[in-house]
Amino acid sequence: MRLSMYDTASRQIQEIAPGKDAIAMYCCGPTVYRDAHVGNLRTFILSDLIQRTLKLQGSTVKLIQNITDVGHMADDVTVEDKVLQQAKKENIDPFDIARKYEAKFHHDLALLNIEPAAAYPRASETINLMQKMISTLIEKSFAYVGSDSNVYFSVKSFASYGAISGNRIDSLQPGHRYEYTDEGGKLFHADWALWKSAGERTEMIWDSPWGPGFPGWHIECSAMSMDLLGNHVDVHVGGIDLRFPHHENERAQSNATTQSESVALWVHGEHLLFEGRKMSKSAGNVILLSDITARGIDPLALRLVVQENRYRSQMDLTWDSIESASITLKRWHRKMELWGSSLIVKKDEEIFASLMNDLDTPRAIQRLRTIERDVAMSDEMKRAVFLYANQVLALGLEVAKQLSLLPENCAVLLAQREIARSNKDWARSDALRDELAELGILVSDTSQGQEWDFL
RNA sequence: GGUCGGGUGGCCGAGAGGCGAGGCUCAGGACUGCAAAUCCUGCUACACGGGUUCAAAUCCCGUCCCGACCUCCA
């Protein structure tokens, strides 16, 4: 049995790369002009689940994830590059902005136990690849230089445009949501820019056969994936909102270049809502990973809630659901210690089958809860199965809680409290417990003595 | 307006024709010097109106509501 997933283009569940052991994977990465919010991170967790599940089935994976540091427009009205806009706002060099948020992106991934990709190519460093592809597209008459010196992809030259999203060229009405004020050089309203002429812009521009300028947003993914993955992607991952136009355009560019179906399977992760609404600045409900850690919650609790929901469903995140996952995660850590220290991993067929079936992580987690309560199963076996699931769910269950992190002053208080307890000095014991609580340490008494945890 | 996906107990959510998913919260109990944790017990739900069926949360039709996409977006 191998991993099968829902393919947006064919609208069917399909096996990933049948018969292949080495799998080429691509995931659309962040535009590095701000912190990734937990909605963005949900998609990256999805990508990680796929990579880990493919490895679990014995495949090797080459994952490429782009870093968009140039060319992503804030909107089509102001024609302002997102990175440049932020650079102005923070009053620092645009490339410094990009590197700053790129570093924070990697930091977030690490906190969520997301395995690094094989490469994170930057748009600004693959300009030559993009230019090469644009030249090819012009040669093959899929692209043209517009009257405004921008280079455009000609939608009408690409017959199967709309295959992923279901959109039809003739129903894509121009100016449906707002009036276009730029890109006057297009021959057809649905054409999009591959290369934009610099115009007044002086930063983040490059020379090109079509004059100084900068790349359009969609071309980077085509250029990077085709170059780094050998003209074929077995599985392509991204958020649902990228289905159109980004992935539709990417597919057109790649297919037109290679004259073949460049991506075998398109996986789209649904949105994460926060308290009923799509996360957005205007709704004021943007949650960052740092907001979660600021509440003293393990970032992996986020990973757990996300995985308790199917990736193809919109998911409504609330502080309650995060805290609920946090409680479960803490308990599992405790149980794992209780169950021993063996590193033996035992495959569980039910968990394996759930994962292979379109990444049914909720079912896999339900199975873990059943195992946790199973009185017939030995502790060693429970631990081994949890370690098995942990290879994909990546909840950090293999790591023992780091008792050494207890601050020294707290350790002293704990020791004093132990003495007080042995003398049945309850007043002193309770006072010390309160004192520790103020320092962020939760103390509990068990038949084995005191235990502590961070609040 | 067009196109998708949804509405399940106090909350989050699996399930997709017949066996009460699960978690969190809450209430009661056991344990405890007291707490906490843990364990036990309790809380029997599927938006509304029709229909199909021996049987519907699940299928069909209609209505209402929510979310997403429709050239910024994960």
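Note that these values count all heavy atoms, side chains included, but never hydrogens, waters or copies made by symmetry. Chain letters run A, B, ... following the sequence lines, proteins first, then strands; residues in each count from 1. The shown structure was predicted, so the numbers you read here are calculated from the model rather than taken from an experiment.
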Q: Rounding to the closest angstrom, what is the interatomic distance between B:U25 and B:A37 at atom P?
A: 8 Å

Q: A:Ser444 or A:Arg421: which one's nearest nucleotide on RNA chain B is closer to the 5' end?
A: A:Arg421

Q: Heavy atoms only, 4.0 Å cut-off, all strands: where does A:Val443 land among base, sugar-phosphate and nothing?
A: base

Q: Given B:U25, B:A74, B:A14, which nucleotide is nearest the side-chain atoms of A:Ser313?
A: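 So the side chain of A:Ser313 is nearest to B:A14.
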
Q: Please tell me which of the listed nucleotides, B:A36, B:G5, B:A14, lies nearest to the side chain of A:Leu442?
A: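 Between B:A36, B:G5, B:A14, the one nearest the side chain of A:Leu442 would be B:A36.
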
Q: For residues A:Asp316 and A:Thr318, is any side-chain donor paired with an opposing acceptor at under 3.5 Å?
A: no

Q: With sugar-phosphate meaning primed atoms plus P, OP1 and OP2, does A:Thr43 contact a base, only sugar-phosphate, or nothing at under 4.0 Å between heavy atoms?
A: base

Q: Decide yes or no, distance alone: a donor-acceptor N/O pair under 3.5 angstrom between the base of B:G13 and the side-chain of A:Asp316.
A: no

Q: Could you walk me through whether A:Arg52 and A:Asn113 pass the side-chain contact (heavy atoms from CB on, under 4.5 Å) check?
A: CA-CA 11 Å; A:Arg52 285 174 177 271; A:Asn113 274 350; 4.3 Å; yes

Q: Could you state the CE-P distance from A:Met315 to B:G23, rounded to the nearest angstrom?
A: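 In whole Å, B:G23 P lies 18 Å from A:Met315 CE.
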
Q: In whole angstroms, how far is the C1' atom of B:A74 from the CG atom of A:Asn40?
A: 5 Å

Q: In whole Å, what separates the P atom of B:G15 from that of B:C40?
A: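 These two P atoms come out 26 Å apart once rounded.
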
Q: Once you apply the 3.5 Å cut-off to both distances, tell me the Watson-Crick or G-U wobble partner of B:C39, or none.
A: B:G29

Q: Return the value, rounded to whole Å, for the distance between atom CG of A:Leu368 and atom C1' of B:A21.
A: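 Going from A:Leu368 (CG) to B:A21 (C1'), I get 15 Å.
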
Q: Side chain of A:Lys335 only, please: which of B:U71, B:C72, B:C39 is the nearest?
A: B:C39

Q: Look at the side chain of A:Arg310 and decide which nucleotide, out of B:C72, B:G15, B:G23, has an atom nearest to it.
A: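 From the listed options, B:G15 comes nearest.
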
Q: Sticking with atom C1', work out how far B:U44 lies from B:U8, rounded to a whole angstrom.
A: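 The same atom, C1', in both gives a distance of 13 Å.
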
Q: Of all the choices, B:C34, B:C72, B:G67, which nucleotide is nearest to the side chain of A:Asp430 once you look at every atom?
A: B:C34

Q: Please compare A:Glu323 and A:Gly39 by the position of their nearest nucleotide in RNA chain B and report the one closer to 5'.
A: A:Glu323

Q: ring-ring contact (aromatic ring centres under 6.0 Å, His included) with A:Trp192: which of A:Tyr161, A:Tyr152, A:Phe158?
A: A:Tyr161

Q: Just compare B:G67, B:C69, B:A14 and give me whichever is closest to any side-chain atom of A:Arg243.
A: B:C69

Q: Do we see a donor-acceptor contact under 3.5 Å between the side chains of A:Thr126 and A:Glu220?
A: no

Q: Under 4.0 Å between a Lys/Arg side-chain N and an Asp/Glu carboxylate O for A:Asp191 and A:Lys186?
A: no

Q: Do you know which of A:Arg122, A:Lys82, A:Arg99 makes side chain to side chain donor-acceptor pair (under 3.5 Å) with A:Asp69?
A: A:Arg99

Q: Measuring only the P atom in each nucleotide, how far is B:A16 from B:U71? A whole number of Å is fine.
A: 35 Å

Q: Whole-Å distance between B:G6 P and A:Leu272 CG?
A: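 Between P of B:G6 and CG of A:Leu272: 17 Å.
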
Q: May I ask which nucleotide in the shown strands pairs with B:U63, Watson-Crick or G-U wobble, both distances under 3.5 Å?
A: B:A47

Q: Looking at A:Asn309, I'd like to know whether one of its side-chain N or O atoms comes within less than 4.0 Å of OP1 or OP2 on B:A14.
A: yes

Q: Looking for any heavy atom pair under 4.0 Å, which part of the strands does A:His246 touch: base, sugar-phosphate only, or nothing?
A: nothing

Q: Touch check for A:Leu46, heavy atoms < 4.0 angstrom, all strands: base, sugar-phosphate only, or nothing?
A: nothing

Q: What's the gap between B:A27 and B:A35 when it is taken at their P atoms, as a whole Å value?
A: 14 Å

Q: Which base, if any, makes a Watson-Crick or G-U wobble pair with B:A68, both distances under 3.5 Å?
A: B:U3

Q: Could you work out which one of B:G33, B:U25, B:U71 sits closest to the side chain of A:Arg417?
A: B:G33

Q: Identify the nucleotide, in any strand shown, that forms a Watson-Crick or G-U wobble pair with B:C11, with both distances under 3.5 Å; if there is none, say none.
A: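 Checking every strand shown, B:C11 finds its partner in B:G23, with both distances under 3.5 Å.
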
Q: Would you please confirm or rule out a distance under 4.0 Å between OP1 or OP2 of B:G13 and any side-chain N or O of A:Arg369?
A: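 So the side chain of A:Arg369 is outside the cut-off, no N or O lying under 4.0 Å from OP1 or OP2 of B:G13.
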
Q: Rounding to an integer number of angstrom, what distance separates B:G7 and B:G13 when you compare their C1' atoms?
A: 13 Å

Q: Measuring from the side chain of A:Ser324 (C-beta onward, heavy atoms only), which nucleotide among B:G23, B:G33, B:C70 has the closest atom?
A: B:G23

Q: When the aromatic ring centroids of A:Tyr33 and A:His72 are compared, is their separation below 6.0 Å?
A: no

Q: Return the minimal non-hydrogen interatomic distance between A:Met204 and A:Phe214, and the atom names on each side.
A: O-CB, 3.6 Å

Q: Looking at the side chain of A:Phe244, which of B:C70, B:G67, B:A21 is the nearest nucleotide?
A: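 Closest of the options to the side chain of A:Phe244: B:C70.
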
Q: Taking the same atom, P, in B:U3 and in B:C61, what whole-Å distance lies between them?
A: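 One P to the other, the span is 15 Å.
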
Q: Would you kindly give the CD-to-C1' distance between A:Glu270 and B:C4, to the nearest whole Å?
A: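 Rounded to the whole Å, the gap is 9 Å.
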
Q: For A:Leu304 and B:G13, what is the distance between atoms CG and C1' respectively, to the nearest whole Å?
A: 13 Å

Q: Report, as yes or no, whether the 6.0 Å neighbourhood of atom NE2 on A:His106 holds more than 12 heavy atoms from other residues, nucleotides or ligands.
A: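 More than 12 within 6.0 Å, yes.
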
Q: Expressed as a whole number of angstroms, how long is the span from A:Ile365:CD1 to B:C24:P?
A: 13 Å

Q: Answer yes or no: does a side-chain N or O of A:Arg331 lie under 4.0 Å from OP1 or OP2 of B:C24?
A: yes

Q: Taking any heavy-atom pair under 4.0 Å as a contact, classify A:Ser429: base, sugar-phosphate, or nothing.
A: base

Q: Is it the case that B:C34 (base atoms only) and A:Arg433 (side chain only) share a donor and an acceptor within less than 3.5 Å, ignoring hydrogens and angles?
A: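 Pair found.
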
Q: Can you find an N or O donor on one side and an acceptor on the other, under 3.5 Å apart, linking the side chain of A:His271 with the base of B:A68?
A: no

Q: Please tell me which of the listed nucleotides, B:G15, B:U25, B:C12, lies nearest to the side chain of A:Ile327?
A: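 The nucleotide sitting nearest to the side chain is B:U25.
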
Q: Would you mind reading off the distance between A:Glu372 atom CD and B:U38 atom C1', rounded to a whole angstrom?
A: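 So the two atoms are 11 Å apart, to the nearest Å.
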
Q: Taking a pair as Watson-Crick or G-U wobble with both distances under 3.5 Å, which nucleotide is matched to B:C54?
A: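 B:G18 is the nucleotide pairing with B:C54.
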
Q: Would you measure the distance from the P atom in B:G10 across to the matching atom in B:G50 and give it in whole Å?
A: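 Straight-line distance between the two P atoms is 23 Å.
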
